[in-house]
Amino acid sequence: MTAHAALDVDALLSDPTIQIVVCCGAGGVGKTTASAALAVRAADAGRTVVVLTIDPARRLAQALGLTRLDNVPRVVQGVGSDSGGQLWAMQLDMKRTFDEIVEEHSTPQRSRQILSNPFYQSLSSSFAGTQEYMAMEKLGQLRTRGDWDLIIVDTPPSRSALDFLDAPQRMARFLDGRMLRLLAAPAKAGGRAYLKVVGVGFTVFARVLTRILGTQVLTDVSAFVGALDTMFGGFRERAEATYEMLCQPGTAFLVVATPEPDALREASYFVARLYADSMPLAGVIINRVHRSAVAKLSGQRAETAAETLEEMGDQELTAAVLRIHVELMFTARREQRLTSRFTKAHPEVRLREVPVLTGEVHDLTALRTVGAALAGEAG
Amino acid sequence: MTAIAKDFPAARLHIVTGKGGTGKTTIAAALAIALACGGRRTLLVEVEGRQGIAQLFDVPPLPYREKRVAVAPGRGEVLALAVDDEAALLDYLDIFYGLRRAGRALRKMGAIDFATAIAPGLRDVLLTGKVKEATTRTSEGKRVYDAVVLDAPPTGRITKFLNVTAEVGGLAKVGPIKSQSDGVMAVLRSSQTAVHLVTLLEEMPVQETIDAIADLSATGLPVGAVFINAARPSLLPAADARRATAGRLGVSRVAAGLELAGLDGKALAKPLTAQAVEDAQRYAIQNESRERIREVKRPTYELPLLAGPIDRSDLFELADILHGAGVR
């Protein structure tokens, strides 16, 4: 009945030319669990995999053995041993990732200066987009290390799924930007020359900003930029290089959604964006789909039968069992309508519908069950 | 004495948060309607630029202006506002520095984006500042809004979002933005405010709710009620539900019943019973989750799962349930 092309998850995971899989989608659709399950499945199939998770639920983290949060991948025991595969897992620590970049690119004395700068501290822990930027940065690092033949990345729980693509460049533009430099060094440029470059509006702005935030902020910014300037000017280049990497055919984007209007809308935006930027979309996973194994018994017939039994009395159990079926059929139909609306808008997109699973994921067995469901094996 | 009034007698600012996907915007909207019942006026605010309110109420995207989106039972009214950070900063520049026109030019330069980026706390102060202003606004000696409901960022970010003084504190130690943030914080920490949490009866959202309550309390923010959303009743009779979760639901009984109703009992009984068992298991998880929520000892309101995507009329149904539970 579904006319769309099916997404072959196993083929994707075992394709040796695919080196990066990015799982993206709206918050709360099961991205993190899906990334972990895909990683387990790929490792069991013989690949050497590292999964970068962003903010896993505690039990999922435990399932992956992520008890030490030291921002480096650790091997996960009990995966891939039969096939020669290996699974490594890590959880992103954005502040530490940022600190490491600073330490790597400057002298110990300079990096101490930067790390203790109040402006740097707020930038590295609460700037909107730092998490996305650091996820990208970490992905680039893992790729450079070259110890794995497949990297699976979960994406941060952003306001919008598109933030993952846009925030790094936005942040790089910010750090590299004229604005920051001008604000940091108005005194240095000084006088008429300065005014000529930036215009009167900006001077007024800088003055207001100083008044709003106090002089200390601009002093901090100035010190930060000064320290940054001499060591590496390449924030933008780094972000662009990683973005470039994501456009290569070795990367595959998996968009995760649930059959709900909001999640599908986000998925739609994402699909359109990936096409617009010619980025490699592998397909869309529709997670938590309700489906009845008894679809041949229509909701209407089940409802009529339930009514008959309720009238007879003394048949509460069977009537209730039928009512459960009625509800399930109703939900399934609504979800199908929503999904088919999505496929009509994106007929070329490969799709995989994954049935809803009861219970939460707290161990590798459960992750393997999810992985099998993602690959389309009947549960 | 009503439930919300009993639990939070002075609350006029209701901040609604929850894990993504739990329906916090829906609950915030239903709460705004319920609180407007009987001739009151409420304001529903969103701050994340998602236009979630407009979609729910099925109205065009909201401008940065308070706009009526619904009439509540008993001649109440609900207004809505989508606070935009750029517009909020322009407002601020205008009020404190008379810079509206310069502000527009700066916006073109990307300076506004920059200013909110350079001091991340600044953005949150401006957003919460706008909410505080609406909450405390008076006209001719009377409150303009009886209550303000904020559709806030999700649980993962809520404490940071509301803890504005701490965020700005590292940046601005003196000056107008400091006093602004102190003013906002005073309202947020007062009994005028209640931070409500929306959850589903599932393990992960419940855990996030419990964690968020701990974080909020530690920061001195007033934790309000827990709204349990999309709760499903058990369709099975209680005894059968217990048997089902224990895996002892009799297929033969179901088969006999199906035959009575003129259906093919032999073919259908087994898969239908399996569905019922799964349903019972899900219901059991619900009950465990409800127990865990009970342990945090906050007032709770429970709302049923509604069929189909939530639309405007569902909001009134949910508001009616809240009203019936004493929210007014």
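Letters A, B, ... are given to chains in the order of the sequence lines, protein chains preceding strands, and every chain is numbered from 1.
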[X] portion near chain B, given a 4.5 angstrom heavy-atom threshold:
| X | value |
| --- | --- |
| T304(A) | neither |
| D262(A) | side chain |
| E307(A) | neither |

If you tally heavy-atom pairs under 4.5 Å between each of M312(A), H325(A), R323(A) and chain B, the highest tally belongs to H325(A)

Best-contacting candidate, R333(A), Q315(A), E335(A), against chain B by heavy atom pairs under 4.5 angstrom: Q315(A)

How about [X] and [Y]: do any of their side-chain heavy atoms sit closer than 4.5 Å?
| X | Y | value |
| --- | --- | --- |
| L317(A) | L249(B) | yes |
| I324(A) | E278(B) | no |
| Q207(B) | R59(A) | no |
| K296(A) | D264(B) | no |
| L258(B) | L322(A) | yes |
| T318(A) | L260(B) | no |
| R301(A) | L263(B) | yes |

Non-hydrogen atoms of chain A under 4.5 Å away: do they reach the side chain of [X], the backbone, both or neither?
| X | value |
| --- | --- |
| L236(B) | both |
| R243(B) | neither |
| E202(B) | both |

Over all atoms of both residues, closest heavy-atom pair of [X] and [Y]:
| X | Y | result |
| --- | --- | --- |
| V356(A) | R282(B) | CG1-NH2, 3.7 Å |
| V294(A) | P271(B) | CG2-CB, 3.4 Å |
| P237(B) | E316(A) | CG-CB, 3.8 Å |
| G257(B) | L309(A) | O-CD2, 3.4 Å |

Yes or no on side-chain contact (heavy atoms from CB on, under 4.5 Å) for V321(A) and L235(B), after CA distance, side-chain angles and deciding distance? CA-CA 8 Å; V321(A) 167; L235(B) 290 169; over 6 Å; no

For H362(A) and E203(B), what are the C-alpha separation, side-chain angles and deciding distance, and is it a side-chain contact (heavy atoms from CB on, under 4.5 Å)? CA-CA 11 Å; H362(A) 357 88; E203(B) 196 176 320; 3.9 Å; yes

Are there over 12 heavy-atom neighbours, none belonging to K95(A), within less than 6.0 Å of that residue's NZ? yes

With a sphere of 6.0 Å drawn around CZ of R265(A), does it hold more than 12 non-hydrogen atoms of other residues, nucleotides or ligands? yes

Chain A shares the most heavy-atom pairs under 4.5 Å, among Q281(B), M204(B), E208(B), with M204(B)

